Structure formats: structure tokens, C-alpha cells
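Worksheet for the structure shown next.
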Amino acid sequence: VQLQAYGGGLVQFGGSLTLSCTASGRIFSINGMGWHRQAPGKARELVASITSAGTTNYADSVKGRFTISRDNAKNTVTLQMNSLKSEDTAVYYCNADGREVRNVLIPQNWWGQGTLVTVSS
């Protein structure tokens, strides 16, 4: 299973950006999907997550500014980021947990390659 993330780039302070991530491969099922980020010199942190039923969870630092959504039919998760701040600058990673067709008994966690978001002041 591969996760392909796209949509990162350079944006001005206060601007908006949308990240998307699509899972592909021999997927049996996907449960949670989410976005993490890692800023230079800092640990990776959860930004937002969403269950297959649509229940969402956000880091306090992005509540009210970011919105996570998913399209279960397309195995895609999207992060709409508004009112971006300098501290949002980071590499953003999508991840998903689920099961592959070849071994549905073993739950797995998959990660995308990361996409850089840079917010300029």
C-alpha cells in the first residue's frame, strides 16, 4: 500500500493551502486517516485525524483553522488549512491504518512521503 501526498508549497502568512493524500494498492480496509507534521528541530506531531465514520480530532494549535475530511470511496484524505501562520511551516505527512488484502489479519500503519509547507511572513 502506498500513500501519495500532494498540495504542499509556499504560502503567505494568513493564506490557505489544501493537502490531499490518496492510498493505493491492495487495500482491504482503511480505518483512521490523518496528517502529522514535523518542523525543523522538532518532533513529529499529530495535526488532525479522521475515522472511517467521520469523527475528527485536531491538535489545539490548528483547531478552527484546519479542516480534515476524507472520501472513503477514493481512499483519500484532505486537509484544508486556513489562516496559516509561520509556526505551521513543516513537512506534512499523511498516514492511514488499515489492512491489506494479502493478510487481513494483521493491522498495519502506512505513511506517505511528506510534503513541505512553508508559510512566509
Side-chain angles (χ1 to χ4, degrees):
V1 175
Q2 298 83 37
L3 269 62
Q4 179 67 49
Y6 43 96
L10 176 65
V11 62
Q12 288 189 332
F13 180 91
S16 298
L17 206 60
T18 302
L19 304 181
S20 295
C21 175
T22 299
S24 62
R26 295 174 60 80
I27 299 168
F28 178 77
S29 64
I30 295 179
N31 300 318
M33 302 186 81
W35 291 91
H36 290 67
R37 68 185 180 187
Q38 187 166 19
K42 295 187 177 181
R44 189 175 298 189
E45 62 174 356
L46 173 68
V47 176
S49 63
I50 184 168
T51 68
S52 56
T55 301
T56 59
N57 180 50
Y58 295 93
D60 289 341
S61 59
V62 306
K63 284 181 180 177
R65 300 188 298 120
F66 291 11
T67 302
I68 190 170
S69 60
R70 65 187 281 177
D71 184 331
N72 291 331
K74 297 181 179 179
N75 293 328
T76 296
V77 61
T78 299
L79 185 69
Q80 175 65 45
M81 305 183 293
N82 299 325
S83 302
L84 283 161
K85 306 176 181 179
S86 299
E87 50 263 44
D88 295 318
T89 294
V91 177
Y92 285 70
Y93 299 89
C94 63
N95 83 297
D97 62 88
R99 299 170 189 266
E100 292 189 57
V101 170
R102 62 180 177 177
N103 198 336
V104 299
L105 298 179
I106 299 178
Q108 299 194 37
N109 191 256
W110 307 300
W111 289 86
Q113 83 283 8
T115 184
L116 177 63
V117 172
T118 303
V119 183
S120 64
S121 57

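A quick note: this is a predicted structure, and the numbers were derived from the prediction, not measured. Note: hydrogens, waters and symmetry copies are ignored here, and every other heavy atom, side chains too, is used.
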Does the side chain of Thr18 come under 3.5 Å of the side chain of Gln80 through a donor N or O and an acceptor N or O?
yes

Any donor-acceptor pair under 3.5 Å linking the side-chain atoms of Thr76 with those of Thr22?
yes

Does any non-hydrogen side-chain atom of [Y] lie less than 4.5 Å from one of [X]?
| X | Y | result |
| --- | --- | --- |
| Val47 | Leu79 | yes |
| Phe13 | Ser86 | yes |
| Phe66 | Asn82 | no |
| Asn57 | Thr51 | no |
| Tyr6 | Gln4 | yes |
| Arg37 | Val62 | yes |
| Ile30 | Arg70 | yes |
| Leu19 | Thr115 | yes |

In terms of heavy-atom contacts, does CD of Glu87 have more than 12 from other residues, nucleotides or ligands at under 6.0 Å?
yes

Quick check for you: to the nearest 0.5 Å, what is the distance between [X] atom [atom1] and [Y] atom [atom2]?
| X | Y | atom1 | atom2 | answer |
| --- | --- | --- | --- | --- |
| Ile68 | Thr55 | CD1 | OG1 | 11.5 Å |
| Met81 | Trp35 | CE | CH2 | 8.0 Å |
| Gln2 | Ser24 | CD | OG | 4.5 Å |
| Asp97 | Asn31 | CG | CG | 5.0 Å |

Applying the side chain to side chain contact (heavy atoms under 4.5 Å, CB included) test to Leu84, which of Thr89, Val119, Thr118 qualifies?
Val119

Work out which heavy atom in [X] is nearest to a heavy atom in [Y]; give both atom names and the distance.
| X | Y | result |
| --- | --- | --- |
| Gln113 | Ala5 | NE2-O, 3.1 Å |
| Ala96 | Met33 | CB-CG, 4.0 Å |
| Leu3 | Ala23 | CD1-CB, 3.8 Å |

With the threshold set at 4.0 Å, does a side-chain nitrogen-carboxylate oxygen contact exist between Lys85 and Asp88?
no

Hydrophobic side-chain clustering at under 4.5 Å (ILVMFWY, transitive links): who's grouped with Leu116? Put none if nobody.
Val91, Tyr93, Trp111

Are the side chain of Arg99 and the backbone N or O of Val104 linked by a donor-acceptor pair below 3.5 Å?
yes

Just by modelled atom types, is the Arg65 backbone N or O under 3.5 Å from a matching donor or acceptor in the Tyr58 side chain?
no

Not counting sequence neighbours, which residues clear salt bridge (charged side-chain N to carboxylate O under 4.0 Å, His left out) with Arg102? List them please.
Glu100

